[in-house]
Amino acid sequence: MILVPMNYPRTQQLNILKTTSRWDVIVIGGGASGLGVALDAVSRGLKTLVVERADFGSGTSGKSTKLAHGGVRYLAQGSWKLVREALQERKYMMEKAAHLCVARKFIIPVYDWFHLIKYFVGLKIYDILAGSNNLNSSRWMTKAQVLSALPRLKQSGLLGGIGYEDGSFDDSRLCIDLVTTIHHHGGLCINYMPFTGLIHFNGKVDGIHLQDVTNGLEYTAHSGLVVNATGVEAGNLMLKEHIKEKYVIRSSKGSHIVLKSDINTGFGMMIPSTADGRVIFAIPWKGKLLVGTTDVSPDKGTAPLMPSPDEVNYLLSHLNAYFDPPFVEGDISASFSGLRPLVSLVDDKRHTLEVSRHHKVVIAPTGLVSIIGGKWTIFRKMGMDTLNAASEAALLDCMPSTSAQLQITPSFTFSQSDYIHPELPYSLADIKQILEQEYVVTLDDLVSRRTSCTSISTLATQEVMPVLTRLFEDFKTNGS
Ligand SMILES: Cc1cc2nc3c(=O)[nH]c(=O)nc-3n(C[C@H](O)[C@H](O)[C@H](O)COP(=O)(O)OP(=O)(O)OC[C@H]3O[C@@H](n4cnc5c(N)ncnc54)[C@H](O)[C@@H]3O)c2cc1C
């Protein structure tokens with residue numbers, strides 16, 4: 001096992017990359033799936049390399065609804081196994097990443113008796129599936145209790161609400177803390193290091209070619225086990241390896257808006273049924289209200305992935321069916337979109353919202369292993385399943401997984417005061433620590449993923465940008 005400090009400069013990372021002749025596991029993709037595989041790999045004592053084309057979590061994994069949940073909606077689809085599995089993993093996240101994943105109280109407001117019974121029964125099943133992994137059980141809340149938790153709610157016809165608990169977490173920070181943890185256990189994760197091609201030996205995958213985005217230099221890394229964890233793009237690499245599979249990856253776009261809100265009680269809300277058969281969450285998020293999500297076909301072209309006007313209208317109108325005074329576009333302080341990497345059968349023509357969120361491990365005849373589909377909440381289990389499958393296919397000889405026991409370690413503790421802006425809960429000391437320790441290559445890494453400035457408030461981010469740019473430039477000139 002290579003032993004390296006928890007946080008170390010890029011020059012040292014590149015040195016390890018150059019001098020390591022062979023890895024036990026190479027993972028392509030530094031999102032939830034790839035980091036889950038790497039976490040599981042280091043838990044088995046394997047020499048592990050993760051390469052990420054851009055920044056850790058810059059794909060789908062930094063743009064989720066940030067729920068560590070079983071997914072109440074999937075009960076209606078009959079995906080009991082997925083829900084139970086995710087509820088088990090929710091417990092793992094809340095125990096081992098307690099600094100990032102917290103229990104959040106949610107309310108489903110109810111206005112008629114039919115829905116009251118339907119949602120109450122549904123959430124009781126959710127409690128039962130969670131079993132010993134349950135948080136506080138779901139319960140009936142009176143109209144007065146619901147109104148004090150969600151003060152702007154429409155009162156006319158309100159019967160009360162069903163309260164339940166689920167996990168809520170900071171997805172981008174979890175990516176970084178996973179990187180720190182993987183380093184702590186002897187692995188190596190490098191960002192801005194795209195995979196450019198596979199190396200084959202005797203018809204089997206034996207490594208990868210890489211090219212450093214920061215200077216164009218090329219590298220190779222060798223291993224008999226290469227895992228494709230490239231999210232929505234995993235299908236391209238599978239096709240190159242001539243995998244004729246019964247599964248394909250279908251991407252679907254999901255958008256969020258972040259609202260300035262006077263509902264500061266800590267309660268989230270679930271809208272249990274939308275016009276297109278979805279659920280929408282309104283979740284407290286760093287002093288704001290995160291509302292999402294949609295499920296639509298990805299936009300054509302290469303424009304930046306952002307919510308369309310239709311998606312914004314969709315989210316606001318569903319929310320405003322419940323709130324008075326209504327939320328308006330002027331209340332939106334930030335917004336973001338992501339692409340779900342869904343796995344479906346080749347001939348499945350259903351709408352993406354009906355496609356299962358299960359994951360699959362696919363092994364090519366050349367030995368390339370692809371982990372596709374899934375959910376953030378089950379990232380650790382997806383990693384474990386991937387390595388178990390590789391081991392069963394004799395691509396790897398390793399110890400059993402111990403990832404369920406691994407504590408996810410933060411690289412430092414954030415300040416609780418002296419914030420750079422009243423709306424952005426980060427101090428100058430935090431920013432300096434991040435620059436020194438957390439593999440920041442671009443300013444966007446700092447404002448979008450090491451901190452969540454851009455997903456809290458676009459305006460506040462613009463206001464602090466001159467200070468952050470100066471610190472970033474100083475770091476680039478004088479830092480490591
Ligand atoms: C709108 C939305 C809301 C969601 N909400 C939730 C939720 O609340 N809870 C939950 O559990 N799940 C949620 N999910 C699902 C979850 O976010 C995804 O399943 C998960 O993030 C996918 O992770 P991934 O690693 O497979 O993909 P990604 O995060 O996209 O990671 C793939 C990585 O591969 C990299 N890559 C691609 N090509 C290369 C290359 N050539 N070389 C190196 N790297 C490469 C990409 O840059 C990317 O970083 C949500 C998804 C969406 C879209």
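Remember, it's 1-based here, ligands and their atoms both numbered in the order they're listed.
The closest heavy-atom contact to atom 23 (O) of ligand 1, among the options Ala54, Ser61, Gly31, comes from Ser61. Distances from atom 13 (C) of ligand 1 to the heavy atoms of Ser33, Gly231, Ser64, Gly34 show the closest one on Ser64. Which of Val27, Ile28, Thr293, Thr60 comes nearest to atom 30 (O) of ligand 1 through a heavy atom is settled by distance: it is Thr60.
Taking the six-membered ring wherever Trp is involved, the centroid distance between the rings of His69 and Phe106 does not fall below 6.0 Å.
Of all the heavy atoms of Ala229, the ones lying under 4.0 Å from any atom of ligand 1 belong exclusively to the backbone. Contacts of Asp171 with ligand 1, taken as heavy-atom pairs under 4.0 Å, are absent altogether.
Those atoms of ligand 1 with a heavy atom of Gly29 less than 4.0 angstrom away are 33 (C), 34 (O), 35 (C), 44 (N). Close approach of ligand 1 to Lys66 is summarised as follows: ligand atoms under 4.0 Å from at least one heavy atom of the residue are 8 (O). Annotation for ligand 1: atoms under 4.0 Å from non-hydrogen atoms of Thr377 are 9 (N), 10 (C), 11 (O). Using a 4.0 Å cut-off to heavy atoms of Gly338, the atoms of ligand 1 that qualify are 53 (C). Taking a cut-off of under 4.0 Å to the non-hydrogen atoms of Gly59, the atoms of ligand 1 that pass are 29 (O), 30 (O), 49 (O). Which parts of ligand 1 touch Gly254 is read off a 4.0 Å heavy-atom cut-off, strictly below it: atoms 1 (C). The atoms of ligand 1 that sit less than 4.0 Å from any heavy atom of Val51 are 43 (C), 44 (N).
Not one N or O of Phe169 is nearer than 3.5 Å to an N or O of ligand 1, by distance alone. Between Thr65 and ligand 1, at least one N/O pair is under 3.5 Å apart.
For atom 47 (O) of ligand 1, the nearest non-hydrogen atom of the protein is Glu52 OE2, 2.6 Å. Closest protein heavy atom to atom 19 (O) of ligand 1: Gly374 O, 3.2 Å. Protein heavy atom nearest atom 8 (O) of ligand 1, with residue, atom name and distance: Leu67 N, 3.0 Å. Nearest to atom 2 (C) of ligand 1 among the protein's heavy atoms is Lys63 O, 3.9 Å. Ranking protein heavy atoms by distance to atom 16 (C) of ligand 1, first place goes to Trp376 N, 3.7 Å. What sits closest to atom 43 (C) of ligand 1 on the protein, heavy atoms only, is Arg53 N, 3.1 Å. Here the heavy atom of the protein found nearest to atom 42 (N) of ligand 1 is Phe195 N, 3.0 Å. For atom 53 (C) of ligand 1, the closest non-hydrogen atom of the protein is Arg340 CG, 3.2 Å.
Put simply, the residue from Thr294, Thr293, Asp276 that forms a side-chain hydrogen bond (donor to acceptor under 3.5 Å, both in side chains) with Tyr314 is Asp276.
Electrostatic pairing of Lys375 and Glu89 does not count as a salt bridge here, judged by no charged N lying under 4.0 Å from a carboxylate O. Using a cut-off of 4.0 Å between Lys/Arg side-chain N and Asp/Glu carboxylate O, Asp171 and Lys63 are scored as not salt-bridged. Classification of Arg450 and Asp55 as a salt-bridged pair holds, one side-chain N sitting under 4.0 Å from a carboxylate O.
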Side chain to side chain donor-acceptor pair (under 3.5 Å) evaluation trace for Gln88 with Asn133: CA-CA 6 Å; Gln88 271 166 15; Asn133 302 315; 5.4 Å; no
Please step through side chain to side chain contact (heavy atoms under 4.5 Å, CB included) for the pair Leu210 and Leu17, ending with a clear verdict. CA-CA 10 Å; Leu210 297 162; Leu17 180 64; 4.2 Å; yes
Would Asp127 and Tyr164 count as a side chain to side chain donor-acceptor pair (under 3.5 Å) here? Give the steps. CA-CA 9 Å; Asp127 289 343; Tyr164 74 101; over 6 Å; no
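Note that OG of Ser168 and CE of Met94 are 9.0 Å apart. Values are rounded to the nearest 0.5 Å.
For the ligand labelled ligand 1, residue Lys253 lies outside the 4.0 Å heavy-atom shell.
No more than 12 heavy atoms of other residues, nucleotides or ligands lie within 6.0 Å of CD in Glu329, so this atom counts as exposed by the packing criterion. Other residues, nucleotides and ligands contribute at most 12 non-hydrogen atoms within 6.0 Å of the NZ atom of Lys105.
Between the side chains of Glu52 and Asn191, no donor N or O sits under 3.5 Å from an acceptor N or O. No side-chain donor-acceptor contact under 3.5 Å links Thr180 and Thr409. Asn313 and Ser317 share no side-chain donor-acceptor pair at under 3.5 Å.
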